[in-house]
> 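Quick one: the structure is below, questions incoming.
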Amino acid sequence: MSEPEECPMVTMEQLVSLCKRRGFIFPSSDIYGGFQSTYDYGPLGTLLKNNIKAAWLRAVVQERDDMEPLDASILMHPRVWEASGHVAVFNDPLVDCKACQGRFRADHLWLIVASHGEETKHYPIEAGEEEEALAKGRETHQIGKRWDVTAVPMVIDSPDGTPKLCPSCGGAESFTEPRAFNMMFQTQVGPVEGNITYLRPETAQGIFVNYENVLVTMRRKLPFGIAQVGKAFRNEIVTGNFTFRTREFEQMEIEYFCWPEDGPRVHQEWIDTRLAWYERYGIARENLDLYEHPDHKRSHYSTRTVDILYRFPIGFAELEGIANRTDFDLSQHAQFSGKTLDYFDTKSERRVVPHVVEPSAGVDRNVLAFLTEAYVEEELLDQKGQKSSRTVLRLHPALAPIKAAILPLAKNRDELVACAQGLARELRPHFQVQYDDTGAIGKLYRRQDEIGTLYCITVDHQTIDEDGQVTIRDRVPQ
RNA sequence: GCGGGAGUAGCUCAAUGGUAGAGCUCCAGCCUUCCAAGCUGGUGGUGCGGGUUCGAUUCCCGUCUCCCGCUCCA
């Protein structure tokens, strides 16, 4: 056998295929032809996902002295979402350009207006480009005469006199009517119509509304944090790229409460901590990147947001967002609920609304990232000198769905089978193991390679006839 | 949602207006003392609904799903 050659980069097709073939992830409602943007985790995917969540909880709760776990409900009082800003913000009005098919948030369209006496020129831009466009506009219009250059919002659905121009193609009056897309799933509570709430679009609010409960019952002082894993739902306009963007997804979120002046430092510490966690569980640093959100892209609640990006098959994309939410959420909930959510420090006699740092990771994106990172296809020559390829998942031991496979070398001898089955029975209380005797040993090894099994334990004739020893093969050399 | 492309077995792919095939996988049996060996047999399919037709997997319409782009984010 020659030295295996590794192929450079896994494609999304290869991952999807492996996931379905080996029982990691299936299309949801498969026998009905699937259902848009929904996926089910199969037996191995469930084990992998649970291992990822356990590894996260272990790192952010068990191994720290400043963290508490929580499991809040998905349905909450509808006022929660008014306080959080989601009712307003998740109602983005969108317009399409009929000329170029471009799509824009209606409230993100701006015009640079350059005027000089009777003469007026308009340049359409998108929010966030104002400063740059203003500077450029002033520069180009200063030659010769003095122009007055300003930036104004382009109001699509009101006849305010300014032209409606497409920033992409320049088309005039080519926008569709603004349509509101409420990103929250509305749902009815109880059998009587009219009593509604929402499926939570983030788990974070479940933490904020329990902040005081946890603070008091766990006798916490600042700083401390609350960690939660759970489902969230967003009625995304566009889904896709396998499980990367779905309407139902799972989050691993931390809200870390600290003194206001410590917010920026704590924020940076969490960025470093979370990066280190991904490396600890096997993600190469060169496949991780950080993205600093520019002002205009940041959420309504945040003063600084840094994304941890991973090199997915689709390119670098967000795996986790770490935001400094300041005192926005607690202040909002104090106002909307009428409860005091101040923190009083008896020693310094200070009263503050704590600031909050939020590391928010996507569980499904984590699964996808760890699978991407682990996937290796090796080209090698078999006994006959034929080229063949072997798929190996190199998962971290703590994440691997199956820890060991117990394989009899052959199944035409009862003692081999009985011994191997006995061994599997002995290991089962301690580890997730698989017993397999349905093929030649080489085939059994390859099956386990493909699902990232850590150890293959083979019972051979020597085990029975001589010394009771088995062969343990380490399939995932670190 | 808009524009473009695509749906045949678990996977990769073939074929035809007239009984839908192959390789691999999978299952059972035989064989086998360590990296997808061999032999025999077997399961399994035209996404869904409607129309045209004597007959539709093939032609037409609708629908669902997937992929690429626009947009948003965990």
Side-chain angles (χ1 to χ4, degrees), chain A residues 1 12-14 16-18 20-23 26-38 89-90 92 94-98 100-105 108 126 168 176 179 181 183 201-204 231-253 293 297 299 305 307-308 314 317-323 358-366 368 380 382-384 386 388-391 407-413 416 438-450 456 458-466 470-471 473 475:
Chain A
M1 204 166 23
M12 196 61 103
E13 285 75 31
Q14 287 173 300
V16 172
S17 173
L18 175 79
K20 176 145 197 207
R21 198 171 65 245
R22 291 293 161 185
F26 308 122
S28 174
S29 314
D30 207 3
I31 60 171
Y32 287 94
F35 188 61
Q36 191 186 58
S37 165
T38 52
V89 170
F90 276 72
D92 301 338
L94 298 182
V95 293
D96 292 330
C97 172
K98 286 180 261 188
C100 71
Q101 322 296 352
R103 161 164 295 175
F104 309 92
R105 269 182 66 166
H108 276 195
E126 285 190 78
S168 178
T176 59
R179 285 167 298 178
F181 284 77
M183 300 295 271
E202 61 174 19
T203 59
K231 293 268 183 134
F233 304 82
R234 290 181 196 170
N235 220 337
E236 298 284 348
I237 308 161
V238 174
T239 57
N241 286 318
F242 197 35
T243 55
F244 184 80
R245 184 177 294 108
T246 54
R247 296 205 168 91
E248 172 179 348
F249 59 103
E250 197 161 15
Q251 295 183 303
M252 303 187 287
E253 288 199 306
H293 280 224
K297 279 195 71 176
S299 308
T305 301
D307 289 344
I308 296 179
I314 53 172
E318 185 181 356
L319 182 59
E320 172 161 352
I322 305 173
E358 177 194 79
S360 172
V363 177
D364 312 271
R365 287 182 183 183
N366 264 258
L368 200 55
L380 40 78
D382 65 16
Q383 289 163 311
K384 290 185 248 167
Q386 298 288 309
S388 72
S389 76
R390 168 168 66 190
T391 302
L407 317 169
L409 186 60
K411 68 169 171 178
N412 62 345
R413 191 176 164 191
L416 284 179
T438 61
I441 191 71
K443 181 183 285 188
L444 300 185
Y445 280 144
R446 289 223 175 167
R447 259 186 209 155
Q448 298 300 329
D449 291 341
E450 230 178 2
C456 287
T458 304
V459 174
D460 58 20
H461 295 278
Q462 183 187 328
T463 312
I464 308 298
D465 298 332
E466 298 175 32
V470 295
T471 306
R473 193 193 60 160
R475 293 307 290 167

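Throughout, protein chains are lettered first and strands after them, A, B, ... in sequence-line order, and every chain is numbered starting at 1.
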> Calculate, to the nearest 0.5 Å, the distance between atoms CD1 and CZ belonging to A:Ile314 and A:Arg245 respectively.
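So the CD1 of A:Ile314 and the CZ of A:Arg245 are separated by 8.0 Å.
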> Just verifying a value: how many Å separate A:Phe242 CZ and A:Leu368 CG, rounded to the nearest 0.5 Å?
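Reported to 0.5 Å precision, the distance equals 7.0 Å.
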> Using a 4.0 Å heavy-atom cut-off across all strands, classify A:Thr246 as base, sugar-phosphate, or nothing.
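Counting heavy atoms under 4.0 Å across all strands, the contact made by A:Thr246 includes a base.
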> Let me know, please, whether A:Asp449 or A:Asp307 comes out on the 5' side of the other along RNA chain B by nearest nucleotide.
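Looking at RNA chain B, the more 5' nearest nucleotide goes with A:Asp449.
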> Going by purine N1 to pyrimidine N3 plus the second Watson-Crick contact, or the G-U wobble pair, all under 3.5 Å, which nucleotide sits opposite B:C13?
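Result: B:G21.
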> Calculate, to the nearest 0.5 Å, the distance between atoms CD and CZ belonging to A:Glu202 and A:Arg234 respectively.
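Result: 6.5 Å between the selected atoms.
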> Using atom NZ of A:Lys231 as one end and atom C1' of B:A74 as the other, report the distance to the nearest whole Å.
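Nearest whole value for this atom pair: 13 Å.
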> Does A:Gln14 reach the side chain of A:Thr391, with side-chain heavy atoms less than 4.5 Å apart?
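No. Closest side-chain heavy atoms not under 4.5 Å.
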> Can you tell me the base-pairing partner of B:C66? Count Watson-Crick or G-U wobble geometry only, both distances below 3.5 Å, and say none if there is no partner.
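Pairing partner, where one exists within any strand: B:G5.
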> Describe the nucleic acid contact of A:Phe35 in one word from base, sugar-phosphate, nothing, applying a heavy-atom distance below 4.0 Å.
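Sugar-phosphate only.
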> Round to a whole Å and report the spacing from CZ of A:Arg22 to P of B:C11.
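So the two atoms are 13 Å apart, to the nearest Å.
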> I'd like the P distance from B:G29 over to B:G23, given in whole Å.
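These two P atoms come out 23 Å apart once rounded.
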> Could a donor-acceptor pair under 3.5 angstrom be found where the side chain of A:Arg21 meets the base of B:C26?
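Result: no qualifying N/O pair found.
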> Is the shortest side-chain N/O distance from A:Arg447 to OP1 or OP2 of B:C26 below 4.0 Å?
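Indeed, a polar side-chain atom of A:Arg447 lies that close.
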> How does each nucleotide of nucleotides 28-34 of chain B score, in 5' to 3' order, for protein heavy atoms under 4.0 Å: base (B), sugar-phosphate only (S), or none (-)?
-S--BBB
> In whole Å, what separates the P atom of B:C70 from that of B:C54?
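Those two atoms are separated by 49 Å.
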> Can you check whether A:Asn235's main-chain N or O pairs, donor with acceptor, with A:Arg247's side chain at less than 3.5 Å?
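Checking the backbone N and O of A:Asn235 against the side chain of A:Arg247, no donor-acceptor pair under 3.5 Å is found.
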> How would you label the contact of A:Gln251 with the nucleic acid (heavy atoms, under 4.0 Å): base, sugar-phosphate, or nothing?
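Contact class for A:Gln251: sugar-phosphate only.
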> What integer distance in Å separates A:Phe249:CZ from B:C72:P?
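The distance from CZ of A:Phe249 to P of B:C72 comes to 16 Å, rounded to the nearest Å.
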> Tell me: NE2 of A:His293 to P of B:C72, nearest whole Å?
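Computing the A:His293:NE2 to B:C72:P distance gives 12 Å.
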> Quick one, A:Arg22 and A:Arg447 - any side-chain contact, counting heavy atoms below 4.5 Å?
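SC-SC contact between A:Arg22 and A:Arg447 confirmed.
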> Mind checking A:Leu319 for me? I need base, sugar-phosphate or nothing, with any heavy atom below 4.0 Å counting as a touch.
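Contact class for A:Leu319: sugar-phosphate only.
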> Could you work out the separation of B:G62 and B:G7 based on their C1' atoms and round it to a whole Å?
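So the two C1' atoms sit 16 Å from each other.
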> Expressed in whole Å, how much space separates the C1' atoms belonging to B:G49 and B:U12?
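Taking atom C1' in both B:G49 and B:U12, they lie 29 Å apart.
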> Return whichever of A:Glu248 or A:Leu444 has its heavy-atom-nearest nucleotide of RNA chain B closer to the 5' end.
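This one resolves to A:Leu444.
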> Answer yes or no: is there a side-chain heavy-atom contact under 4.5 Å between A:Leu319 and A:Asn366?
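Answer yes - side chains close enough.
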> Grab the CD-P distance between A:Gln14 and B:U12 for me, whole Å please.
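After rounding, the gap between these two atoms is 11 Å.
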> Provide, to the nearest angstrom, the distance between the CZ atom belonging to A:Arg245 and the P atom belonging to B:G69.
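Value for this atom pair: 11 Å.
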> Side-chain N or O of A:Asn241 less than 4.0 angstrom from OP1 or OP2 on B:C66?
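Answer no for this pair, as no side-chain N or O of A:Asn241 is under 4.0 Å from OP1 or OP2.
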> Taking the side chain as every heavy atom from C-beta outward, state whether A:Lys411 and A:Leu416 have any pair of such atoms under 4.5 Å apart.
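Side-chain contact under 4.5 Å: no.
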> When you compare B:G17 with B:G10, how far apart are their P atoms, in angstrom units rounded to a whole number?
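Nearest-Å result for B:G17 against B:G10 at atom P: 25 Å.
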> Would you indicate whether the side-chain heavy atoms of A:Thr239 and A:Thr246 approach each other to under 4.5 Å?
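Not in contact.
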> Applying a 3.5 Å limit to both distances, which nucleotide forms a Watson-Crick or G-U wobble pair with B:C26?
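B:C26 is paired, partner B:G42.
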> Can you tell me how far C1' in B:C61 sits from the matching atom in B:U53, rounded to whole Å?
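These two C1' atoms come out 16 Å apart once rounded.
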> Can you tell me how far P in B:A14 sits from the matching atom in B:A22, rounded to whole Å?
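Per the computed distance, 16 Å lies between those P atoms.
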> What nucleic acid atoms does A:Phe242 come within less than 4.0 Å of, heavy atoms only: base, sugar-phosphate, or nothing?
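Sugar-phosphate contact only.
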> Given the C1' atoms of B:U25 and B:C11, what is the spacing between them in whole Å?
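My reading of the C1' atoms in B:U25 and B:C11 gives 7 Å.
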> When the distance from CD1 of A:Ile314 to P of B:C70 is rounded to whole Å, what number comes out?
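Distance check: A:Ile314 CD1 to B:C70 P gives 12 Å.
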> Separation of A:Lys443 atom NZ from B:C24 atom P, in whole Å?
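It is 10 Å, rounded to the nearest whole Å.
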